[in-house]
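These values consider heavy atoms only, across backbone and side chains, with no hydrogens, waters or symmetry-generated copies.
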Protein chains: 2
Amino acid sequence: VTSSSDGSPFDPVLMAAVTELGGALRGLVDASVRTTVDPAELSAVAAAARELTTRLAASTRPVTRLPALDDPVAFRRRDSPVTGVGSAIAPPVVLHRDGDGVAGTATLGLAYEGPPGFLHGGMSGLLMDQVLGAAAIAAGRWGMTVRLELDYRGPVPLDRPLVLRGRLVEDAGRKAVVTGTIALAAAPEQVLVEARGVFVAPRPDKLAAYFGEVTDASGRHRPPGRPTDATALGEGAAG
Amino acid sequence: VTSSSDGSPFDPVLMAAVTELGGALRGLVDASVRTTVDPAELSAVAAAARELTTRLAASTRPVTRLPALDDPVAFRRRDSPVTGVGSAIAPPVVLHRDGDGVAGTATLGLAYEGPPGFLHGGMSGLLMDQVLGAAAIAAGRWGMTVRLELDYRGPVPLDRPLVLRGRLVEDAGRKAVVTGTIALAAAPEQVLVEARGVFVAPRPDKLAAYFGEVTDASGRHRPPGRPTDATALGEGAAG
């Protein structure tokens with residue numbers, strides 16, 4: 001049992017099971033967009049999937065209670081739709097510190113398609129928002145996105161390893177400006193998508209209004225909003 | 001059997017089964033981020049999910065062959081990560097014509113969370129890219145995203161019906177400029193996210209390079225890139 005940034009226990013057995021389920025569901029989602037089995041088999045698989053949903057729904061958390069293993073201060077969110085090892089929506093992006101910024105790797109398959117054969121343009125925005133936000137946190141500047149700009153230099157191919165980068169370029173108190181890029185890992189200097197994000201830490205009254213009811217898995221109040229040393233970056237694939 | 005924009009047959013039995021599976025997988029993904037069942041049960045569900053993956057993988061399409069039911073000219077993509085009824089990643093957004101633009105509705109749950117209780121900022125970008133692209137198509141101007149700008153006026157709550165809007169504001173030959181918004185359906189005039197997108201139709205040589213190998217489900221070459229009357233908008237939930 002290792003521990004989180006606040007010293008609370010971290011359960012590796014649960015993390016392994018969450019990771020296993022996330023991977024299995026990701027595989028199922030991928031198969032669902034590639035399959036050509038007949039309608040009766042699709043319906044039978046759907047019925048079996050509903051049974052699995054019932055099993056998972058046997059015990060659930062309230063929406064204001066973060067899942068076990070989460071550490072919002074360290075930006076570790078097991079079910080993040082971008083970096084979450086437990087999320088079937090997430091590729092997932094794996095982030096680590098890189099020089100004065102962060103770098104991430106991901107490979108996105110057919111489930112993320114926009115124009116045939118290429119990544120959905122909006123998915124590039126989803127990935128960049130996360131990477132830029134992580135770069136702000138890595139620099140001690142957590143904030144919520146207030147502006148995001150994306151320039152698309154070329155289409156991003158599917159099923160190829162990508163490298164994502166983010167770096168703080170301006171630090172003005174509550175406001176942080178971050179830039180980032182997406183490129184193929186095989187051609188990291190040829191930028192396919194360029195991004196610029198502005199993140200602002202909410203004032204205390206907004207923080208209270210937005211996150212006043214949020215607790216961790218044990219029921220303790222642990223809102224986001226505190227600058228962090230982002231120690232979770234690079235510690236496994238939890239993002 | 002109704003037909004697609006090119007007169008090819010459209011199989012309602014297959015569409016019903018694809019829609020059923022998409023809905024079932026979406027429910028499973030949602031349950032996976034809310035569950036608190038123990039690690040052994042998570043692993044057992046993962047094993048069962050892998051069996052379902054094997055069943056779907058019994059017959060698959062090549063990546064350059066669009067799935068049956070797709071009609072890229074009419075912008076109907078059953079597995080789109082935003083509008084696809086068959087996609088477990090998609091909320092899905094349901095689009096329809098609205099005045100001189102398009103409007104969409106969607107409700108996003110805990111699987112799309114960014115800051116606790118609110119939609120991931122990048123998800124707003126994903127949704128907007130799709131809605132702006134659909135608005136360009138509705139105006140006869142298909143193109144690929146070259147720039148996307150998002151201004152976040154306020155956090156977008158989870159589990160609340162949203163209304164998404166897009167409208168062409170500038171038409172300059174191959175280039176189209178589109179603006180759009182995200183708001184709560186209960187407060188449609190209070191804009192939470194504002195977006196501006198620039199879409200450019202690739203020149204013929206680029207179209208050939210990007211989509212030269214794409215075929216429809218029957219094996220015929222049917223690339224995107226042709227302006228369309230967007231007749232699929234509002235015809236069911238296929239997006």
Please look at B/Ala44 and chain A and tell me whether the side chain, the backbone, both or neither of the residue comes under 4.5 angstrom of a heavy atom of that chain. both
Between side-chain atoms of residues 190-205 of chain A and protein atoms elsewhere (two or more places apart, or another chain), which donor-acceptor pairs fall under 3.5 Å?
| unit_1 | atom_1 | unit_2 | atom_2 | d |
| --- | --- | --- | --- | --- |
| A/Glu194 | OE1 | A/Arg153 | NE | 2.9 |
| A/Glu194 | OE1 | A/Arg153 | NH2 | 2.7 |
| A/Arg196 | NH1 | A/Glu149 | OE2 | 3.1 |

Where along residues 118-125 of chain A does a heavy atom come under 4.5 Å of chain B, listed by residue number? A/Phe118, A/His120, A/Gly121, A/Gly122, A/Met123, A/Gly125
Counting heavy-atom pairs under 4.5 angstrom with chain B, the leader among A/Asp129, A/Leu14, A/Val13, A/Thr54 is A/Asp129
Step through the shown structure and confirm whether more than 12 heavy atoms of other residues, nucleotides or ligands are within 6.0 Å of CZ on A/Arg174. yes
Please output the side-chain donor-acceptor pairs of residues 106-116 of chain B that fall under 3.5 Å, not counting sequence neighbours, one pair per line with the distance.
| unit_1 | atom_1 | unit_2 | atom_2 | d |
| --- | --- | --- | --- | --- |
| B/Tyr112 | OH | B/Ile89 | O | 2.8 |
| B/Tyr112 | OH | B/Ala90 | O | 3.4 |
| B/Glu113 | OE1 | A/Arg77 | NH2 | 2.6 |
| B/Glu113 | OE2 | B/Gly117 | N | 2.7 |

Note: B/Ala217 and B/Pro67 closest approach over all heavy atoms is CB-C, 3.9 Å
Taking 4.0 angstrom as the limit, do B/Asp151 and A/Arg147 come out as a salt bridge? yes
Which bit of B/Thr64 is near chain A, if near means a heavy-atom gap under 4.5 Å: side chain, backbone, both or neither? neither
Contact leader toward chain B among A/Leu42, A/Asp159, A/Leu148, A/Leu52, where contacts are heavy-atom pairs under 4.5 Å: A/Leu148
Find the one option among A/Val82, A/Val63, A/Val146 whose heavy-atom pairs under 4.5 Å with chain B are most numerous. A/Val146
Residues 23-33 of chain A vs side chain to side chain donor-acceptor pair (under 3.5 Å), sequence neighbours excluded, gives A/Asp30-A/Arg34
Note: vs chain B, highest number of non-hydrogen pairs under 4.5 angstrom among A/Val45, A/Leu56, A/Val29 is A/Leu56
Most contact-rich option vs chain A, by heavy-atom pairs under 4.5 angstrom, among B/Pro155, B/Ala17, B/Pro81, is B/Pro81
With chain A as the partner, which of B/Thr145, B/Leu25, B/Leu28 has the greatest number of non-hydrogen pairs under 4.5 Å? B/Leu28
